[in-house]
Structure formats: structure tokens, C-alpha cells
Amino acid sequence: MLFRSTAYQWIDENEKKIIGWSDKVWDFAELGLLEFKTAEYLSNISEKSGFKVDRGVAEMPSAFMGSWTNGEGGPTIGILGELDALAGISQKAVPYKDPVKEGAPGHGCGHNIYGAGAVAAGIALKVAMEEHNIPGTIKVYGCPAEETLVGKVWMVRDGLFDGVDAVLAHHPSSSNTAGTGSSNAMNSFKVHFYGRTAHSAGDPENGISALDAVELMSNGVNFMREHVTEKTRVHYIHEEAGGQPNVVPAYARTWYYNRAPERAQVNETYDWIMDIVKGANLMARTTSKVEFLTGCYDKMPNGVLARLVVEKMRDIGAPKFSDEDYAFAKKMSENWDVEKKMNSLQKSGRPDWQKLRDVDFDDIVRDDYRAGMVGAGSTDVSDVSWVTPTIEFSTTCMSLGTPGHSWQFTAQTGHSIGHKGLMFSTKVHAAAGLELLTKPELMKKVKAEWVERLNGRVYESPIPKDLKPPLDQLKDA
């Protein structure tokens with residue numbers, strides 16, 4: 001249709017500019033809740049392109065929302081953009097380890113592509129809607145701190161997705177697809193234990209060891225593991241465990257992630273862990289404080305949206321990679337064991353994974369191959385999916401075998417390999433968005449499936465009403 005051609009034309013004509021936006025964010029590489037340069041840069045682009053931009057939304061300085069409306073009525077389409085990088089994986093766009101700055105953050109999850117592509121797609125939709133007089137509203141979201149599951153959870157709680165009819169999101173990956181798999185719900189929390197110091201040898205009877213409480217809690221949680229649902233995951237670290245052995249520790253702190261395929265399962269396990277904390281206090285004679293950091297839901301899939309995105313991907317045609325890209329990928333593959341690559345592909349459920357041993361790029365468009373699967377990880381995109389129909393699709397932005405959250409991932413999100421996935425995703429966003437804006441029956445099907453999957457369940461924010469975004473979480477970063 002003509003309006004899709006208009007959007008594609010704008011994207012093609014502005015390819016260098018869009019890639020430049022992504023590379024600029026790649027250079028910024030800021031940690032979650034500290035994405036000040038990134039947020040200012042992308043929000044300014046949105047504002048200069050005609051969007052009304054609200055900055056510092058949901059009490060987070062680096063969160064923003066850009067809105068633009070054409071005419072009266074029409075659907076409201078949201079496009080998610082993520083902003084944050086990951087600690088310690090700074091890397092130049094080369095196929096061997098060479099950090100831009102040793103120990104600095106890097107975009108090892110591709111959020112430079114995620115954020116810049118969202119803004120570009122929003123502008124492309126605006127251009128097409130203006131030229132062809134398509135009514136509706138576009139909202140582009142600058143979402144901070146996805147890696148620590150903060151940004152969208154607070155944005156949902158603050159009502160920023162109220163009235164949005166459907167949400168599109170894109171994540172860089174090694175495949176071109178959209179699926180109906182889910183993800184784990186999660187709680188993130190710390191427990192602070194308080195005791196009393198004493199000489200560990202001279203008068204231990206006067207001491208109350210906070211470290212004892214931490215260890216007792218760990219033991220209780222580990223005994224609990226036998227009796228939880230199979231896919232429940234509980235993992236933890238001890239952040240503070242005392243200073244030296246001859247002083248009874250008066251303070252100790254432990255940090256937990258509690259995950260499960262369903263939000264209700266997380267709540268059940270979390271309540272049990274809180275009882276274990278009480279038991280540890282009774283046994284060690286300590287007191288404690290639980291610091292709830294954040295929580296998220298499992299992802300609510302939408303098959304209508306997934307099929308729409310795959311259809312548009314095939315209409316557009318997946319990008320092909322250059323000889324330079326293949327040479328880069330071949331050199332990059334020297335950094336990992338091929339058997340680990342094959343294990344990862346098998347675990348992902350990718351069709352014909354056995355045939356991909358010597359394949360560098362999966363450059364075809366695949367049907368949904370994760371239906372019914374629950375990914376081990378967690379994402380705050382899930383919370384958006386519980387308040388409005390949402391799809392998070394992927395495009396090939398890296399070679400097969402690339403580990404997630406790695407310097408190898410960072411290298412490719414700043415390379416022409418990542419650029420190709422960026423441009424493809426921007427067109428997919430635009431094409432799917434225009435279908436939703438112009439086909440009311442399609443939107444009805446999207447919403448009907450969403451209501452059916454909810455099955456009467458109501459979203460309740462996993463974070464306490466009085467909890468503020470943890471803006472001091474990375475104050476020492």
C-alpha cells in the first residue's frame with residue numbers, strides 16, 4: 001500500500017541518520033537510571049520531529065514519552081525504546097577483545113538499536129500518517145533500566161500505557177521472528193541482617209552474628225528448593241558478610257532474585273522466603289529489614305501480533321549480509337566453542353538447529369518457534385503486556401553463537417551487522433504499526449486474544465505503592 005511505501009521511503013532516505021543515532025547511543029553506553037545523555041539525545045530528536053515529549057516521567061530522570069496525534073479518533077500505538085547498557089563490557093566494533101575503556105559499560109544487549117530504532121519508527125509512522133491522513137496517535141517510550149527490571153514497571157504503575165491499544169517492541173537477536181513464548185516473573189530484593197559485635201574468641205557469647213543469619217537463610221532457601229515448582233529459580237549473592245574473622249559481624253546483607261513462570265508462583269515462593277527470614281532471625285537472635293528492589297510479571301504473548309510481524313517481515317524481506325560482515329563473523333566465531341553454540345541453539349528450540357553448525361547468520365524469517373516456551377530470563381516488557389497487547393520481536397543483529405551480555409555482542413551492535421538488523425526492525429515497526437492503525441478488524445482480533453489470555457486476571461503492580469524508583473541503586477557506579 002502507498003502509506004507503507006511512504007514510511008519505507010523515509011526510512012531509506014534517512015538510513016545514515018538512523019544508524020548515526022544508534023551509534024551515538026552505542027558511544028554513550030550508560031548504565032540503567034543513569035542514561036542522561038542517551039535520554040536527552042533521543043528525546044530531542046523526537047521533539048524536533050514534532051512529538052510532544054514528556055521528560056522525567058514516572059519519577060525517573062532518564063525516562064521519557066513522546067506523543068503525536070493526527071486528526072481525531074483512531075488507535076493509539078506505542079513503540080518501546082530501551083536505553084541502558086551493561087557494566088564492564090565496553091568494546092570497540094572489532095572481532096577481538098579491545099575495550100573502548102577498560103571496565104566501562106557497553107551495549108551488550110543492543111539497547112542502542114532498540115532505542116534509536118523506536119524513535120526512527122515513530123517518525124516514519126508520523127510521516128506516513130500525515131501524508132495519507134491516517135488518524136491515530138503514536139507514543140514512543142524511552143525506557144530506562146530494563147536490565148535491572150525497573151523502568152517499565154514504574155511506567156506501567158504510573159499509568160503511562162493507559163489508553164494504548166497495542167505496543168510494538170524490538171530486541172536485537174540472532175534471528176528474524178516474533179513469537180508467543182513467555183518469560184519468568186521475578187522479585188528482586190535484599191535482606192539486611194543486624195546483630196552485635198564481639199571478640200570472636202574472647203567473648204563470643206556477647207556477639208550476635210548477622211552472618212549466621214545470612215547463612216541460615218541460605219540453608220533454609222536451599223532446603224526449600226526441593227518443594228517448589230520445577231521451573232522456579234532462586235539465586236543469590238552475599239554482598240556484605242563482615243570485615244574480619246575475629247570480630248562477630250554486626251551487619252550482613254544478601255541479595256536475591258526469585259523467578260518463576262507465573263506471577264502467582266513468585267508470590268508464593270516469596271512469602272515462603274519471608275518466613276525463612278523470620279526463622280533465621282529466631283535462630284541467630286538477629287533483626288532484619290527487607291529491601292524490595294523491583295518485581296515483574298511473566299510475559300503475556302499475543303499470537304495475532306506475532307503473526308502480523310512475521311508477515312510484514314516476509315513482505316519487506318530480511319536483509320542479507322555482506323562479505324565484510326561474514327569475515328567479521330568468521331573471526332568472531334574464534335572466540336567461542338562450537339559445541340556451546342549448538343547447545344544454545346538446541347535449547348532455544350530453533351527449527352533445524354542441527355544444520356546451523358557452520359552457519360554464521362540466520363538470515364531467513366522464521367515462524368513462531370517458541371510457542372508455549374518460558375524463557376529463563378525476565379523482562380519489564382512483560383508488565384506492559386499485562387496492561388495492553390504487546391509484541392517484542394527480534395531481528396538478526398549478530399552472528400549465531402554470540403553470547404548474550406558479552407563484549408562480542410557489544411561489538412556487533414556497533415557494526416554494520418547490527419545496523420542491518422536496525423534498519424530492518426524500523427521498517428517492520430512501521431509496517432505493523434500502519435496495519436494496526438488502518439485495519440480495525442485486525443485490532444479487534446489483537447484485543448480479543450489479549451482478553452482471552454488474561455482469562456479474568458487483573459494486573460497488580462508487583463512493587464509497593466510507596467516504593468520509589470531506586471535512583472541511588474547505582475550511585476557509586
Side-chain angles (χ1 to χ4, degrees), residues 109 145-150 152-153 156 171 179-193 213-239 253-283 288-301 343-344 346-349 369-386 390 392 404-405 453-464 467 470:
C109 207
E146 186 276 335
E147 299 295 350
T148 50
L149 299 171
V150 170
K152 299 180 202 70
V153 182
V156 169
H171 203 294
T180 54
S182 186
S183 60
N184 272 328
M186 194 199 79
N187 279 352
S188 171
F189 60 96
K190 297 182 181 184
V191 184
H192 304 254
F193 286 101
V214 164
E215 292 186 304
L216 288 164
M217 178 184 173
S218 299
N219 287 336
V221 167
N222 289 327
F223 279 114
M224 180 192 73
R225 292 180 193 276
E226 182 182 359
H227 307 287
V228 296
T229 54
E230 181 184 358
K231 292 186 177 181
T232 293
R233 295 286 182 269
V234 183
H235 24 278
Y236 59 85
I237 60 169
H238 298 332
E239 288 192 307
R253 182 175 71 254
T254 185
W255 185 4
Y256 276 73
Y257 278 10
N258 168 205
R259 306 184 201 250
E262 298 280 346
R263 183 68 216 170
Q265 294 169 327
V266 170
N267 293 340
E268 181 181 359
T269 308
Y270 181 74
D271 289 344
W272 191 347
I273 294 172
M274 292 301 100
D275 285 340
I276 291 170
V277 171
K278 294 174 186 176
N281 281 319
L282 286 171
M283 289 184 283
S288 64
K289 180 184 76 173
V290 176
E291 180 187 2
F292 191 94
L293 297 175
T294 190
C296 72
Y297 270 62
D298 45 297
K299 190 179 288 185
M300 184 70 65
N343 289 341
S344 177
Q346 181 185 22
K347 185 178 178 181
S348 74
Y369 59 84
R370 294 186 62 81
M373 296 179 67
V374 178
S378 307
T379 175
D380 58 7
V381 174
S382 300
D383 292 73
V384 179
S385 74
W386 275 72
T390 301
E392 186 175 35
H405 292 193
R453 286 185 182 269
L454 281 175
N455 194 27
R457 294 173 293 176
V458 177
Y459 177 84
E460 295 180 7
S461 179
I463 52 177
L467 189 65

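The two residues Y297 and P462 come nearest to each other via the heavy atoms CE1-CD, 3.9 Å. In terms of heavy-atom proximity, D298 sits nearest to W386 at O-NE1, 2.7 Å. Across all their heavy atoms, I237 and T254 have their closest contact at O-OG1, 2.9 Å. Considering every non-hydrogen atom in both T148 and T294, the closest pair reads O-CG2, 3.3 Å. Closest non-hydrogen pair, A213 versus A280, comes out as O-CB, 3.6 Å.
When the ring pair (Phe, Tyr, Trp, His ring centres under 6.0 Å) test is applied to Y236, the partners found at least two apart in sequence or on another chain are H238, Y256. Residues passing the side-chain contact (heavy atoms from CB on, under 4.5 Å) test with L282: none are found, sequence neighbours excluded. Not counting sequence neighbours, S348 has no partner by the side-chain hydrogen bond (donor to acceptor under 3.5 Å, both in side chains) test. With sequence neighbours excluded, the residues forming a salt bridge (charged side-chain N to carboxylate O under 4.0 Å, His left out) with E392 are K299, listed by chain and number. Partners of H227 according to the side-chain contact (heavy atoms from CB on, under 4.5 Å) rule, which considers only residues two or more places apart in sequence or in another chain, are W272. For E239, the salt bridge (charged side-chain N to carboxylate O under 4.0 Å, His left out) partners are K190, R253, not counting sequence neighbours. Listed by chain and number, the residues in a side-chain hydrogen bond (donor to acceptor under 3.5 Å, both in side chains) with S378 are R259 (sequence neighbours excluded). Residues satisfying the ring pair (Phe, Tyr, Trp, His ring centres under 6.0 Å) criterion with H405, sequence neighbours excluded, are absent altogether. With sequence neighbours left out, E215 forms a salt bridge (charged side-chain N to carboxylate O under 4.0 Å, His left out) with no residue at all. Taking the salt bridge (charged side-chain N to carboxylate O under 4.0 Å, His left out) definition, one finds that D380 meets it with K152, sequence neighbours left out. Qualifying side-chain contact (heavy atoms from CB on, under 4.5 Å) partners for P301, counting only residues two or more places apart in sequence or in other chains: T180, R453. A search for side-chain contact (heavy atoms from CB on, under 4.5 Å) contacts involving N267 returns R263, not counting sequence neighbours.
The closest side-chain heavy-atom distance from T390 to M300 is not below 4.5 Å. Between I273 and M224, some side-chain heavy-atom pair lies under the 4.5 Å cut-off. V234 has its side chain within reach of T232: a pair of non-hydrogen atoms, C-beta onward, lies under 4.5 Å apart. Contact annotation: the side chain of V191 approaches that of S288 to within less than 4.5 Å [non-hydrogen atoms, C-beta and beyond].
Using a cutoff of 4.0 Å between basic side-chain nitrogens and carboxylate oxygens, K231 and E262 are not scored as salt-bridged.
M373 contributes atom CE, which lies 11.5 Å from atom OG of S182 (distance to the nearest 0.5 angstrom). Note that CG of L454 is 8.5 Å distant from OG of S385, once rounded to the nearest 0.5 Å. Remark: E146 CD to L149 CG distance equals 6.0 Å, nearest 0.5 Å. From T269, atom OG1 reaches atom CZ of R225 across 11.0 Å, with rounding to the nearest 0.5 Å. Taking CE of M274 as the start and CZ of F292 as the end, the distance is 9.0 Å to the nearest 0.5 Å.
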Stepwise side-chain contact (heavy atoms from CB on, under 4.5 Å) test for H235 and W255: CA-CA 8 Å; H235 24 278; W255 185 4; over 6 Å; no
Could you go through F193 and V277, starting from their C-alpha distance and side-chain angles, then the distance that decides it, and tell me whether this counts as side-chain contact (heavy atoms from CB on, under 4.5 Å)? CA-CA 9 Å; F193 286 101; V277 171; 4.1 Å; yes
Evaluate M217 against K278 for side-chain contact (heavy atoms from CB on, under 4.5 Å), listing each step before the verdict. CA-CA 9 Å; M217 178 184 173; K278 294 174 186 176; over 6 Å; no
Before giving the answer on side-chain contact (heavy atoms from CB on, under 4.5 Å), spell out for V374 and N184 the whole-Å C-alpha distance, their side-chain angles and the decisive distance to 0.1 Å. CA-CA 7 Å; V374 178; N184 272 328; 3.8 Å; yes
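Side-chain N/O atoms of T379 and S382 include no donor and acceptor closer than 3.5 Å.
You'll find the ring centres of Y257 and F189 outside the 6.0 Å limit.
Among V266, V156, N187, D383, the one residue that satisfies the side chain to side chain contact (heavy atoms under 4.5 Å, CB included) test with C296 is D383.
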